[in-house]
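Take a look at the structure set out below.
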Amino acid sequence: MTVPLKIYNESTVKELCSGRAGELKAWQSMALLDARDNIQQALADAVQFGMRFVLLGICEDIGPRANLGKGGAQYAWPAFLQRFLNQPHNDAIAMQKVLLLGEVNLDDLMQQAQPLDNHNPDDLAQLRKLCAEIDGRVEAILNMIFKAGLEPIIIGGGHNNCLGIIRSLAKHNQSTINAINLDPHADFRECEGRHSGNGFRYAYQELLLNNYHVIGLHELKNNQPIFNAMQSANFSYTSYQTINVKREISLTEATTDALHRFDNAPLGIEVDLDSLTNMPASAFNYCGFDVSDGEHYVYLAASDPRSAYLHLCEAAPPQHPHSIAAGNLQCGQVISALVNIYLQTKQNI
């Protein structure tokens, strides 16, 4: 069976990278996968050579569009790579433990989705079918990563991709998992066909999600059925209003309290980039958290030894109000900052 994965090699990366005399760059310190025929064996070999973390891209905007949102999330991964690979390497992060794997191959699905109009009911239904196909491909790649004993950092695409990740982690551990999510939206809409707004609802319906907590959920950006469904599932949230407006609890306290309520099941760390103010994203947000808040949240969650992956989604460079170039610059810098703090924190655990 063909594995839906674009494995990066030196020629793939070279066009993104630059050098400077007397300075080592991140791309010169991390590894690429040496895979000839057996990808699973190559991943296992990478672990033997000291790899711990895997960078995986998802270049799609089908999920957000299937949720009646805006496109552009397929460009977050290349924007990240342009910034992250060219940052200076020093002893702050052990880049030699990072494997740049590649991206989930979604070219055919993106081509099918390109002419579809999400305001047309038939096209919307087709987008949701394509989104379900993405789930299977994401799960297939994550299955190999978790089986090898590697820890994935998944970047790009919509929040729909949480389902494939959760399915894979739950299957690998043969148990339900927990998830914490920095997000103004619960992404707990009804199971009406797959899209970026119901990944956690599907995970719950499939009995994969034991506990789920949303940090920064906006009280006025979620409909009442979502609140009812969250309550019925016994899932919880700390609202944006409670943290940033009423200031009844700090972000530190909210995140720490949520982590303390989880049991010993594996933990997924989720970040919807539209939780950050003025971030080019599928749902642009003027009332959110600062980038440093996002870094602090990732730091706290990554400090938890149960954490098993980091998922950074919904960034969409074309949604920058000035230009896609400005969007690439902002998304690249912000996503790199979140990845950096995750790596810095995890390497000490």
Side-chain angles (χ1 to χ4, degrees), residues 6 8 11-18 25-27 55-87 100 102-119 123 127 130-131 134 153-161 182-185 195-197 271-292 294-295 311-340:
K6 295 183 187 179
Y8 286 4
S11 62
T12 312
V13 175
K14 188 176 181 180
E15 62 187 35
L16 297 170
C17 298
S18 62
K25 300 288 189 178
W27 66 270
L55 294 174
L56 177 68
I58 305 180
C59 298
E60 63 86 21
D61 66 352
I62 294 172
R65 290 172 59 208
N67 191 28
L68 299 175
K70 296 181 179 179
Q74 70 270 39
Y75 300 111
W77 169 248
F80 158 74
L81 289 178
Q82 187 73 50
R83 178 75 182 197
F84 185 78
L85 295 179
N86 292 298
Q87 69 183 14
L100 176 57
E103 64 185 84
V104 181
N105 191 347
L106 302 172
D107 289 351
D108 58 322
L109 302 184
M110 285 292 288
Q111 187 174 11
Q112 292 177 56
Q114 194 275 329
L116 299 178
D117 178 2
N118 61 1
H119 295 292
D123 286 1
L127 282 168
L130 293 173
C131 186
I134 294 174
I153 299 171
I154 308 103
I155 297 166
H159 221 151
N160 44 291
N161 295 306
L182 183 67
D183 198 334
H185 309 98
H195 56 65
S196 64
V271 181
D272 188 319
L273 273 298
D274 69 22
S275 61
L276 306 182
T277 305
N278 292 331
M279 186 72 186
S282 304
F284 204 93
N285 185 10
Y286 289 103
C287 304
F289 293 101
D290 294 335
V291 173
S292 60
E295 291 176 285
H311 182 206
L312 305 174
C313 58
E314 296 283 340
Q319 297 306 324
H320 194 285
H322 296 303
S323 67
I324 188 170
N328 284 329
L329 184 64
Q330 185 174 355
C331 289
Q333 183 169 341
V334 172
I335 296 172
S336 293
L338 298 175
V339 172
N340 283 333

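Computed from a prediction, not measured in an experiment: that's the story for all the values here. Just so it is clear, the values below take in all heavy atoms, side chains as well, and ignore hydrogens, waters and symmetry mates.
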Could you pull out the closest heavy-atom pair between [X] and [Y], with the gap in Å?
X	Y	answer
Cys59	Trp77	SG-CD1, 3.6 Å
Asn161	Gly156	ND2-O, 4.1 Å
Ala113	Ile62	CB-CG1, 3.6 Å
Ser275	Val271	OG-CG1, 4.4 Å
Ala315	Ile335	CB-CD1, 4.0 Å
Asp274	Ala281	CB-CB, 3.6 Å

Using a 4.5 Å cut-off on heavy atoms from C-beta on, say whether the side chain of [Y] contacts that of [X].
X	Y	value
Leu16	Gln82	yes
Tyr75	Cys331	no
Leu55	Tyr8	no
Pro317	Pro280	no

| request: Only pairs at least two apart or in different chains count here, so list each side-chain hydrogen bond (donor to acceptor under 3.5 Å, both in side chains) that has a residue in residues 108-118. | output: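 Only Asp108-Arg137 qualify under side-chain hydrogen bond (donor to acceptor under 3.5 Å, both in side chains).
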| Which pairs, with at least one residue in residues 278-290 and sequence neighbours excluded, count as a side-chain hydrogen bond (donor to acceptor under 3.5 Å, both in side chains)? |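 Only Lys221-Asn285, Ser282-Glu314 qualify under side-chain hydrogen bond (donor to acceptor under 3.5 Å, both in side chains).
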| task | Apply the test side chain to side chain contact (heavy atoms under 4.5 Å, CB included) to residues Glu295 and Val291: give CA-CA distance (whole Å), side-chain angles for both, the deciding distance (0.1 Å), then the verdict. | result | CA-CA 6 Å; Glu295 291 176 285; Val291 173; 4.1 Å; yes
For the [atom1] atom of [X] and the [atom2] atom of [Y], what is their distance to the nearest 0.5 Å?
X	Y	atom1	atom2	result
Ile58	His311	CD1	NE2	5.0 Å
Leu312	Ser336	CG	OG	10.0 Å
Leu329	Arg83	CG	CZ	6.5 Å
Ile153	Leu100	CD1	CG	11.0 Å
Arg65	Gln74	CZ	CD	8.5 Å
Asp107	Glu60	CG	CD	12.5 Å

| said: Would you say His159 and Asp183 are linked by a side-chain donor-acceptor pair, where the criterion is simply a distance under 3.5 Å? | reply: yes
Within the side chain of [X], is there an N or O that forms a donor-acceptor pair under 3.5 Å with the backbone of [Y]?
X	Y	result
Lys25	Asn86	yes
Thr277	Gly288	yes
Asn67	Gly63	no

